[in-house]
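Scroll down for the structure; my scribbles are underneath it.
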Amino acid sequence: MNFRQSLAAAWQKNNSLLCVGLDPDPAKFPAHLQGRDDAIFEFCKSIVDATADLVCSFKPQIAYFAARRAEDQLEALIAHIHERHPGIPVVLDSKRGDIGSTAEQYAVEAFERFGADAVTINPYMGRDSVEPYLAYPDKGVILLCRTSNPGGSDLQFLEIGNSGGEKLFERVARLVATEWNTTGQCALVVGATFPAEIARVRELTGDLPLLVPGIGAQGGDIEATVKAGRTADGTGLMINSSRAILYAGKGEDFAAAARRVALETRDAINRYR
Ligand SMILES: O=C(O)c1cc(=O)[nH]c(=O)n1[C@@H]1O[C@H](COP(=O)(O)O)[C@@H](O)[C@H]1O
């Protein structure tokens, strides 16, 4: 199955549009994991095993692993997800973007080294910088469009000259949906903190999958997000929450606490589908 098919199957099987983000910060780990060499892997594995039946995808953020020289633990974690929870797609969040020859190496990193099913990419350098990822026909390529952070407006919300008022994020959405997505591998990132723009991106892109971070710790509204972004069949979204789920509990039962919040979040999303 390719990324899009796995995602559709996971939406269905787990009745879920929730993506659990894996952003492991050792400073926030429970005491019993502190100081262990494999703490990052063990923490994330516990979260994954406690929530795998509630999600449509997992999204490890590479910086949290690379900053601690823990890329080997990221490799082991993705292998664990594939082995123990087959069918749940893994989105490697690395927001890469570079000229083609370098992008080829990033594509090898994401898909061959780490075994991710999809990767987040910055579209700023244009189509040829994205093609090396599209050369992997089974993989998903998720392009930043309207990011959830306040500074996202600095560039993404600017109107493009001689375009009749088209904003940069609208151009990205239109370009990706019409010209870049010839193989059906593309998806877009749109922040839950900007529901009006989620609706606009949905309008421009048909049924393209949208990765939507920004609920939970960043305060995005679940009802507004789902209503703005769902497709006609009530899918189309990977709604990411990281910190609100990962750090729901501080003690040895942190994974059970994470499961409770993941369940509440999945059900809150489902109320508006
Ligand atoms: O590409 C992303 O995943 C992403 C895009 C964006 O616009 N905003 C955003 O927060 N993210 C990521 O989504 C996660 C959000 O984490 P929480 O705010 O803890 O739920 C982090 O891993 C961010 O790097």
Side-chain angles (χ1 to χ4, degrees), residues 3 7 17-29 40 43-44 47-48 51 55-68 70 74 77-78 89-97 106 110 116-124 130 133 140-157 168-169 172-173 176 186-198 200-201 208-222 225 228-229 237-249 254 257-258 261-262 264-266 268-269:
F3 170 68
L7 180 60
L17 306 184
L18 175 66
C19 172
V20 168
L22 300 167
D23 299 13
D25 176 356
K28 297 181 181 159
F29 287 176
I40 288 179
F43 178 81
C44 292
I47 298 283
V48 161
T51 59
V55 305
C56 67
S57 51
F58 287 111
K59 183 179 73 69
Q61 206 328 312
I62 196 168
Y64 286 87
F65 297 83
R68 302 277 178 318
L74 176 56
L77 176 65
I78 295 176
V90 177
V91 176
L92 180 66
D93 182 10
S94 52
K95 298 186 183 64
R96 300 303 196 194
Y106 281 137
D117 300 292
V119 65
T120 56
I121 301 294
N122 192 325
Y124 191 70
V130 175
Y133 307 95
V141 179
I142 308 179
L143 296 136
L144 300 179
C145 177
R146 177 47 162 140
T147 59
S148 67
N149 56 315
S153 304
D154 291 349
L155 299 175
Q156 298 154 20
F157 218 55
L168 184 56
F169 82 92
V172 170
V176 170
C186 294
L188 290 169
V189 176
V190 192
T193 42
F194 298 105
E197 279 98 74
I198 300 177
R200 180 67 182 135
V201 170
L208 205 73
L210 304 180
L211 170 63
V212 186
I215 63 158
Q218 295 179 55
D221 184 76
I222 290 178
T225 293
L237 300 169
M238 292 168 270
I239 302 179
N240 182 85
S241 180
S242 305
R243 287 166 291 179
I245 290 174
L246 299 180
Y247 309 114
F254 71 98
V261 176
E264 280 165 23
T265 310
R266 181 195 69 167
I269 291 168

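Both counts, for ligands and for their atoms, begin at 1 and track the order of listing. Values below: all heavy atoms of this structure, side chains included; hydrogens, waters and symmetry mates excluded.
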Distance from [atom] to nearest protein heavy atom, with residue and atom:
atom: atom 7 (O) of ligand 1; answer: Ser148 N, 2.8 Å
atom: atom 10 (O) of ligand 1; answer: Gln218 NE2, 2.8 Å
atom: atom 13 (O) of ligand 1; answer: Lys59 NZ, 3.3 Å
atom: atom 2 (C) of ligand 1; answer: Lys95 NZ, 3.2 Å
atom: atom 19 (O) of ligand 1; answer: Arg243 NE, 2.6 Å

Quiz item: Taking it one step at a time, do Gln218 and Ser148 satisfy side chain to side chain donor-acceptor pair (under 3.5 Å)?
Solution: CA-CA 8 Å; Gln218 295 179 55; Ser148 67; 2.7 Å; yes

Quiz item: Is the closest side-chain heavy-atom distance between Phe65 and Cys44 below 4.5 Å?
Solution: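 Yes - at least one pair of side-chain heavy atoms lies under 4.5 Å apart.
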
Quiz item: Taking side chain as C-beta onward, heavy atoms only, is Cys145 less than 4.5 Å from Val201?
Solution: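 They are in contact (side-chain heavy atoms under 4.5 Å apart), so the answer is yes.
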
Quiz item: Sub-3.5 Å donor-acceptor pair from the side chain of Tyr247 to the main-chain atoms of Asp25, do we have one?
Solution: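 Yes; judged by distance alone, with no hydrogens or angles, the pair exists.
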
Quiz item: Of Ala244, Ala63, Ser242, Pro60, which has the heavy atom at the shortest distance from atom 20 (O) of ligand 1?
Solution: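 That would be Ser242.
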
Is [X] in polar range of ligand 1, meaning some N or O pair under 3.5 Å apart?
X: Asp23; answer: yes
X: Thr120; answer: no
X: Ser241; answer: no

With heavy atoms only and a cut-off of under 4.0 Å, state how [X] meets ligand 1: side chain, backbone, both or neither.
X: Thr147; value: both
X: Gln61; value: side chain
X: Pro213; value: side chain

Practice problem: Could you check Thr120, Asp93, Asn240 and say which one makes a side-chain hydrogen bond (donor to acceptor under 3.5 Å, both in side chains) with Gln61? | Solution: Asp93

Would you compute the distance between atom [atom1] of [X] and atom [atom2] of [Y] and round it to the nearest 0.5 angstrom?
X: Leu211; Y: Ser57; atom1: CG; atom2: OG; result: 7.0 Å
X: Lys28; Y: Phe43; atom1: NZ; atom2: CZ; result: 9.5 Å
X: Ile121; Y: Lys95; atom1: CD1; atom2: NZ; result: 10.5 Å

Practice problem: Give the numbers and elements of all ligand 1 atoms closer than 4.0 Å to a heavy atom of Val189. | Solution: 5 (C), 7 (O)

Quiz prompt | Numbering as shown, the atoms of ligand 1 that approach Asn240 to under 4.0 Å (heavy-atom distance) | solution = 13 (O), 14 (C), 15 (C)

Exercise. Take every heavy atom of Arg146, measure it against each atom of ligand 1, and state whether any distance is under 4.0 Å.
Key: no

Quiz prompt | Considering all heavy atoms, the nearest Leu18-Ala262 contact | solution =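 Distance-wise, the nearest heavy atoms are CD2-O, 3.5 Å.
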
Self-check item: Candidates Leu188, Val212, Ile198, Val190 - the one meeting side-chain contact (heavy atoms from CB on, under 4.5 Å) with Arg146
Solution: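 It is Val190; the other options fail the test.
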
